[in-house]
Amino acid sequence: MSADRLPYIAMVDCNNFYVSCERVFQPVLEGLPVVVLSNNDGCIISRSNEAKALGIPMGAPAHKLQHFFAAHGVRVFSSNYALYGDMSARVQDILSRFSPRLEAYSIDECFLDIGELSLERAHALAQEMRKTVGQWTGIPVCVGIARTKTLAKIANRVAKKTPEKNGVCVLESPAEITTTLQSIDIGDVWGIGRRSADKLRARSVRTAYDLTRRTQDWVRDMLTVCGLRTMLELRGIPCIELEQVAPPAQSVSCSRSFGQRVTSLEALEEAITSYVQRAGEKLRRKGLVAQVVQLVIQTNRFADDPQYFGKGQAALPTPSAFTPDILTAALQILRKIYRPGFLYQKAGVVLLELCPENQRQCTFSDFLHNDERKEQKRLMQAMDAANQRFGRGSLQFASAGLGAKDWHMRQQQLSKKFTTSWAELPTAK
DNA sequence: TCTGGGGTCCTAGGACCC
DNA sequence: TCTGGGGTCCTAGGACCC
């Protein structure tokens, strides 16, 4: 197969995804500057074009921009992942009609292998994708097409930034690829982060094109094999495969910043209990059991207060997805790593050494406790079902505490659960 | 009042083994 | 002058992604 007979890879990316999701259900936001905040209403993670035009930077701490928001009529939303996840699934479902060879790369991006097509057909198909996703979901998308994933990412970027392209860019001819790569800053290449970009610039590699001019050995020495793959992909040689099936998870975690600083062991126990419950839910939903529990508690690194970063881990007696098992281990670790006198700002739990529940190694003790384990499973199923039906936290463990807590995250601008809760649907008049 | 959360992979270096 | 050397496993740290 010659290089120009490689299948086309399309990268479909939703524009300003979280903001677009909010707008679908509140069309009045169209044309206005809109931003969506991270968990805990911490920093800005999605901006409408109008918000970008006002110069609001990605990742900026929201609390420093309160006055700016008010002065410019910026609409502000807490992040609503139930809504975004649901919209994401709809977009993916539509795209899968265009090609079954699809990789859901992130909540707002898909790679598709669209096979061998003429240039004209590729353009037409991309426009068809935009139109269909737009009409069926209300989410605007851009499409970039090329022979490798890294080039498709760049094509997508060009599609998004060049209005004349009408949301679609196909990178095909060598001349066009060269001109485009010369215009792409090295730091904007997929796979080149800030550290690597600084290193490369210090050695006169300033654009994507500059990188392609270096030897493979040079790139490998500078950036390891990952960077080498990126460089080869820029040259049009596919090195990063389409992952149609998500590889099995290596870890499941839940961590949060607190609404206010926390000092007491009791408050940390409550927070950890609630995070373990959430991590357990995720684990069970994937049909996995965990063998190792890791815990982190930390102070606010931006503050002048004394700093502490506590971390510990423990193996479970037997691989488990039973929340009380995980909780026992987590609370033991917490008591070990807790130091009084610090203002804690964040805590998290990570579950590691995962394996599918039905492939768990059975010990003799498992055999003895088989009935007990079945009971535990039924209990968790009942609990997860109740929490799904009546809302997260409806049914929880007593050590999570009751009532409003300092550690609960702030979510002051949350939109309604338009797609996932009947109770929130507008009533017909 | 006050700066997200959830992931993955690679590498170097030490421990250990034969 | 010459101190064995190579494989494997584990871990911490770093880098990346959205």
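Chain letters run A, B, ... following the sequence lines, proteins first and then strands; every chain starts at 1. Remember, it's a predicted structure, so these values are computed and weren't measured experimentally.
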task: Kindly assign one of parallel, tilted or perpendicular to the pair A:Trp190 and A:Phe111, based on the angle between their ring planes and the thresholds 30° and 60°.
output: tilted
statement: Value for CZ (A:Phe17) from CD (A:Glu109), rounded to nearest 0.5 Å, stands at 11.0 Å
- prompt: A:Gln294 CD to B:dG5 P: how many Å, rounded?
  reply: 16 Å
- request: With heavy atoms under 4.0 Å as the rule, sort A:Val252 into base, sugar-phosphate or nothing.
  value: sugar-phosphate
- prompt: Does OP1 or OP2 of B:dT3 have a side-chain N or O of A:Asn300 closer than 4.0 Å?
  reply: yes
- line: Pairing string of DNA chain C (Watson-Crick or G-U wobble, both atom distances under 3.5 Å; | = paired to other strand) is ....||||||||||||||
field: Spacing of A:Gln277 atom CD and A:Phe397 atom CZ [to the nearest 0.5 Å]
entry: 5.5 Å
task: Check the distance between B:dG6's P and A:Leu354's CG and give it to me in whole angstrom.
output: 15 Å
task: Report the distance from atom CG of A:Leu37 to atom P of B:dG4, rounded to the nearest whole Å.
output: 11 Å
task: Specify the separation, in whole Å, of atom CZ of A:Phe258 and atom C1' of B:dG4.
output: 14 Å
query: Salt bridge or not for A:Glu172 and A:Arg147, using N-O below 4.0 Å?
result: yes
message: Let me spell it out: for each of A:Cys226 and A:Tyr81, pick the nucleotide of DNA chain B with the closest heavy atom. Which residue's pick is nearer the 5' end?
response: A:Tyr81
CG on A:Leu95 to CG on A:Leu112, rounded to 0.5 Å: 5.5 Å
task: State the CD-OG distance between A:Gln376 and A:Ser320, to the nearest 0.5 angstrom.
output: 6.5 Å
message: To the closest 0.5 Å, what do you measure between CD1 (A:Ile297) and CZ (A:Phe309)?
response: 10.0 Å
- request: With A:Asp41 as reference, evaluate A:Ser78, A:Ser257, A:Ser79 under the side chain to side chain donor-acceptor pair (under 3.5 Å) test and give the passing residue.
  value: A:Ser78
message: Quick test of your reading of the model: are A:Arg201 and A:Asp185 salt-bridged, counting only N-O distances below 4.0 Å?
response: yes
message: Counting only heavy atoms from other residues, nucleotides and ligands, does the tally under 6.0 Å from CZ of A:Arg214 exceed 12?
response: yes
message: Expressed as a whole number of angstroms, how long is the span from A:Lys64:NZ to B:dC2:P?
response: 13 Å
- request: Enumerate the residues from residues 326-338 of chain A whose closest heavy atom to DNA chain C is under 4.0 Å, giving them by residue number; use none for an empty result.
  value: none
- request: Please tell me which of the listed nucleotides, B:dT3, B:dG4, B:dG5, lies nearest to the side chain of A:His63?
  value: B:dT3
side-chain hydrogen bond (donor to acceptor under 3.5 Å, both in side chains) contacts touching residues 43-52 of chain A (sequence neighbours left out): A:Asn16-A:Asn49, A:Asn16-A:Lys52, A:Arg23-A:Glu50, A:Ser48-A:Glu50
- prompt: Nucleotide by nucleotide, 5' to 3', does protein get under 4.0 Å of the base (B), only the sugar-phosphate (S), or neither (-) in nucleotides 7-18 of chain C, counting heavy atoms?
  reply: --------SSSS
statement: Whole-Å distance, A:Arg301 CZ to B:dT3 C1', equals 7 Å
message: I'd like the C1' distance from C:dG4 over to B:dC17, given in whole Å.
response: 14 Å
field: Derivation of the side chain to side chain contact (heavy atoms under 4.5 Å, CB included) call for A:Cys14 and A:Val141
entry: CA-CA 4 Å; A:Cys14 302; A:Val141 302; 3.9 Å; yes
- prompt: Residues from residues 275-291 of chain A sitting under 4.0 Å of DNA chain C, heavy atoms only?
  reply: none
query: Closer to the 5' end of DNA chain B via nearest nucleotide, is it A:Pro248 or A:Ala62?
result: A:Ala62
- prompt: Are A:Ser257 and B:dG5 close enough that a side-chain N or O sits under 4.0 Å from OP1 or OP2?
  reply: yes
query: Rounded to the Å, how far apart are A:Leu343 CG and B:dT3 P?
result: 12 Å
message: Heavy atoms only, 4.0 Å cut-off, all strands: where does A:Lys346 land among base, sugar-phosphate and nothing?
response: sugar-phosphate
field: A:Ser255 vs B:dG6: side-chain N/O to OP1/OP2 distance below 4.0 Å
entry: yes
message: If the cut-off is 4.0 Å, is A:Gln345 near the phosphate of B:dT3, judged by side-chain N/O to OP1 or OP2?
response: yes
task: Mind checking A:Ala249 for me? I need base, sugar-phosphate or nothing, with any heavy atom below 4.0 Å counting as a touch.
output: sugar-phosphate
- request: Kindly say whether A:Phe258 contributes a backbone atom to a donor-acceptor pair with the side chain of A:Asn40 at under 3.5 angstrom?
  value: yes
- request: Indicate the ring-plane relationship of A:Tyr308 and A:Phe342, choosing parallel, tilted or perpendicular according to the 30° and 60° boundaries.
  value: parallel
- prompt: Taking only residues two or more places apart in sequence or in another chain, which ones pass salt bridge (Lys or Arg N to Asp or Glu O under 4.0 Å) with A:Lys377?
  reply: A:Glu357
message: What's A:Arg220 touching, base or sugar-phosphate or nothing? Going by heavy atoms closer than 4.0 Å.
response: nothing
